[in-house]
Structure formats: structure tokens, C-alpha cells
Amino acid sequence: MLAASLIPTEVAGVGVLNSAFEAVVGGLRASVLGFAEPEDVRAFHVPPVISRALLERLGYVDAFPNLLGTLHTFVGDNRRWRAIQAARLADGADWHSEQTISDVVALPATCYHLYPLVAGRTLAGPMTMTAEASCYRHEGSSELGRLRSFRMREVVRIGSPDDVPRWRDEWLARTRTWFEGLGLKVSVEAATDPFFGDAARMMAPPQRQEELKWELRADLGTGQAQAIASANYHKDHFGGLFGILIDGDVAHTACAAYGLERIVLALIAVHGDSPARWPAFVRGALGLGGTTR
Ligand code: ATP
Ligand code: ZN
């Protein structure tokens, strides 16, 4: 089933959402902010682009060169551009080759904007931050739910080696209960990131063995379950890269992500394409009117 509320455009994996879809996204956002992190959370608004140099330093380019979307722009004066236009008229010259890569790239995951906020700091206790962003990934396929442009709400935890895995486990349990309360059937699976090149050989096996990544998967109506939320435990990787300390030691970090469009698609797969006709307990839980169960 194709969700009528996710309107395709002329490029694969880029959709326009109607207001019914967006109202559900609003309900999900409010729920996540309310239930998922009842304690002190610092909330931020982050842009959909990020420093290219930062992603290079973090190893994103090495691990996912195929997913990264780079931006290019014309750098030059008016005269130069007029010359290019003339060449295009004369012999169909290609304007792309005149573009220069920008110092920003399309943001591939929300949390990359959050760790730098505490770089070089010594924390007095564990810290939780949240943000939502439009993310871009140059996905190779375009089945339902595998978008190139999608929104990711993330919650980041920075704390001690004891605190962070405990937080991750609690987050998994809380989020699973929340999804089940919305009528979704979810499975919790240990997973690996879709590393590319040498990173696939180097990074995936330890990630799997140490169960560093967990996904909450649901059927989007395609018969194949997809991750609607996931949690990554980075141990001291980002704490080391950004010089974040806690209790005199390098801080550990974890991030938990909600794929907002995918969650709506999972709800549509179970309850139908019209949120107005969803069961009252689902509408109530999402603040769309109706009663809670
Ligand atoms: P997948 O295994 O489906 O490729 P991933 O492991 O790359 O996903 P993460 O990097 O953990 O996913 O991304 C966090 C969350 O963002 C996922 O749990 C999912 O809900 C959502 N997400 C990831 N990629 C996409 C996409 N292409 N379209 C829509 N949502 C996505
Ligand atoms: Zn993250």
C-alpha cells in the first residue's frame, strides 16, 4: 500500500506530506518530548546542513561515502558566469563542472550537531539533549519508508560508562511500550550500520558482537520490517573525539533516534491511510482528539 498522504515528487525518496500526515508527526513529537525524557533535557533546533570538515573528522565520509550528500555552488564573478552561459548556448557545456564543493554538507543524522555543544567540557553529571532535523541520505533504493529526505528526532545521552548503557536499555523499553500503546507490533533487534568499503569489515563485526546498535522494527505494509527507531551506544568514541570528561574520565555517549516519517507509515500500515478514522486510543495518545485507552 502506498500512503496517499506521502505525495511523491519527480525524484525518488523525496516526498511532500499532507496536513493529516504532518498532524501525526506533531503528535509524535509532543509524545517524545513528554514521555521519552521526563527528566531535565536540553532541547535545540539544528539546521539541515553541517560542516563538511567535521563529518570528515568524525569518520562519516570514510564509513558512508555513498550516503553523504554534498553541496556545490558556483564561485566566481558575473563575467565568468556569463562566459559559461555563452559556452552552454554555443556547445551545451556542462554547468556542473563549474561548481565548487561547499564547506557544508547535507546533515545525515541529527546528533552530529549535539556533541560539539559540549566539546572540551567536564560534566558534573549525566546530560541529555534532544533535537530534530531534516536529514539527507543518498539512499540507493526507494522502497516505502526509505526516503532520501526525512526527519530524525534524536535524544543524546552523555554520561559515565555505567550510566549510558543503562539509559539506552531504559530508552528501548520505554519506546517499545510507547509504540505498543499506539497499536504497533515492534521487534527489537541487534543491528549494524550500513558501513561501506573497509569500514564494513572493520566496524560492523564489533558493533554486532558488542550489541552497540539496537533497532525497533515495524512493518510499513511492505511485508518487510524497517527500523522506526534505533539506539546507538558509542562507548567513549565521541567523548574522546570531542574531549568530553565526566568523573575524571572520558565520557560515554549514546544516541536514540526516531524516524518520524517511518513511524507514521507504520501507523498507516496498521490503522489505515486516514488518521481521522484511526482508533480513539491512538488519536488520543497522539493528541489528535479522541480518548486514551
Ligand atoms: P536502515 O537500517 O533502515 O538503513 P539506519 O540503521 O541507517 O537505517 P540510523 O542511522 O540508525 O538508521 O537512523 C536513525 C533512524 O532514522 C532509523 O531508526 C530510522 O527510523 C530513520 N531512518 C534512517 N534512514 C531512513 C530513511 N532513509 N528514510 C526514513 N527514515 C530513515
Ligand atoms: Zn545519532
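Each ligand, and each atom within it, is numbered from 1 in the order the structure gives.
- The SG atom of Cys255 and the OE1 atom of Glu154 meet at the Zn ion (ligand 2) at an angle of about 90°, given to 10°.
- Of all heavy-atom pairs spanning Leu288 and Ala23, the tightest one is CD2-O, 3.7 Å.
- In this model, a donor atom of one side chain and an acceptor atom of the other lie less than 3.5 Å apart for Arg153 and Thr130.
- By the 30° and 60° cut-offs, the orientation of the rings of His138 relative to Tyr136 is tilted.
- Only side-chain heavy atoms of Glu215 come within less than 4.0 Å of ligand 1; its backbone N, CA, C and O stay farther off.
- Of all the atoms in ligand 1, the ones that sit under 4.0 Å from a non-hydrogen atom of Gly259 are 20 (O), 21 (C).
- Considering only non-hydrogen atoms, atom 17 (C) of ligand 1 lies nearest to Ser230 out of Gly13, Ser230, Ser142.
- Here the protein heavy atom with the shortest distance to atom 22 (N) of ligand 1 is Phe150 CE1, 3.5 Å.
- When the options Arg137, Glu154, Arg146 are ranked by their closest heavy atom to atom 1 (P) of ligand 1, first place goes to Arg146.
- Inter-residue side-chain proximity for His72 and His96 is flagged as unmet; no heavy-atom pair is nearer than 4.5 Å.
- Looking at Ala257 next to ligand 1, no N or O pair under 3.5 Å apart turns up.
- Ion pairing of Arg168 with Glu211 is absent here, as no side-chain N (NZ or NE/NH1/NH2) approaches a carboxylate O to less than 4.0 Å.
- Assignment of Lys213 to the shell around ligand 1 is supported, since a heavy atom sits closer than 4.0 Å.
- One side chain, Glu189 or Ser187, offers a donor N or O that lies under 3.5 Å from an acceptor on the other.
- Judged by distance alone, the side chain of Glu261 and the main-chain N or O of Gly145 form no donor-acceptor pair under 3.5 Å.
- Ion pairing between a basic and an acidic side chain is recognised when a charged N comes within 4.0 Å of a carboxylate O; Lys185 and Asp219 show no such pairing.
- Against a heavy-atom cut-off of under 4.0 Å, Ala229 is close to the following atoms of ligand 1: 18 (O), 20 (O).
- Proximity of a side-chain donor or acceptor of Ser102 to a complementary backbone N or O of Leu71 within less than 3.5 Å is not detected.
- The two residues Trp171 and Ser230 come nearest to each other via the heavy atoms CH2-O, 3.8 Å.
- Between Arg201 and Asp198 a salt bridge is recorded (basic side-chain N to carboxylate O distance below 4.0 Å).
- Among protein heavy atoms, atom 20 (O) of ligand 1 sits closest to Ala227 O, 2.9 Å.
- Residue contact annotation: Pro194 has a non-hydrogen atom under 4.0 Å from ligand 1.
- Close contacts between ligand 1 and Ile228 involve ligand atoms 20 (O) [criterion: under 4.0 Å to a heavy atom].
- Ligand 1 is approached by Glu139 to a heavy-atom distance shorter than 4.0 Å.
- Given atom 29 (C) of ligand 1, the protein heavy atom at minimum distance is Gly145 O, 3.2 Å.
- Closest to atom 3 (O) of ligand 1 by heavy atom, among Arg153, Met152, Arg262, is Arg262.
- Looking at Ile263 against ligand 1, nothing comes within 4.0 Å, counting heavy atoms.
- If you look at Arg148 next to ligand 1, there are no close heavy atoms at all, none under 4.0 Å.
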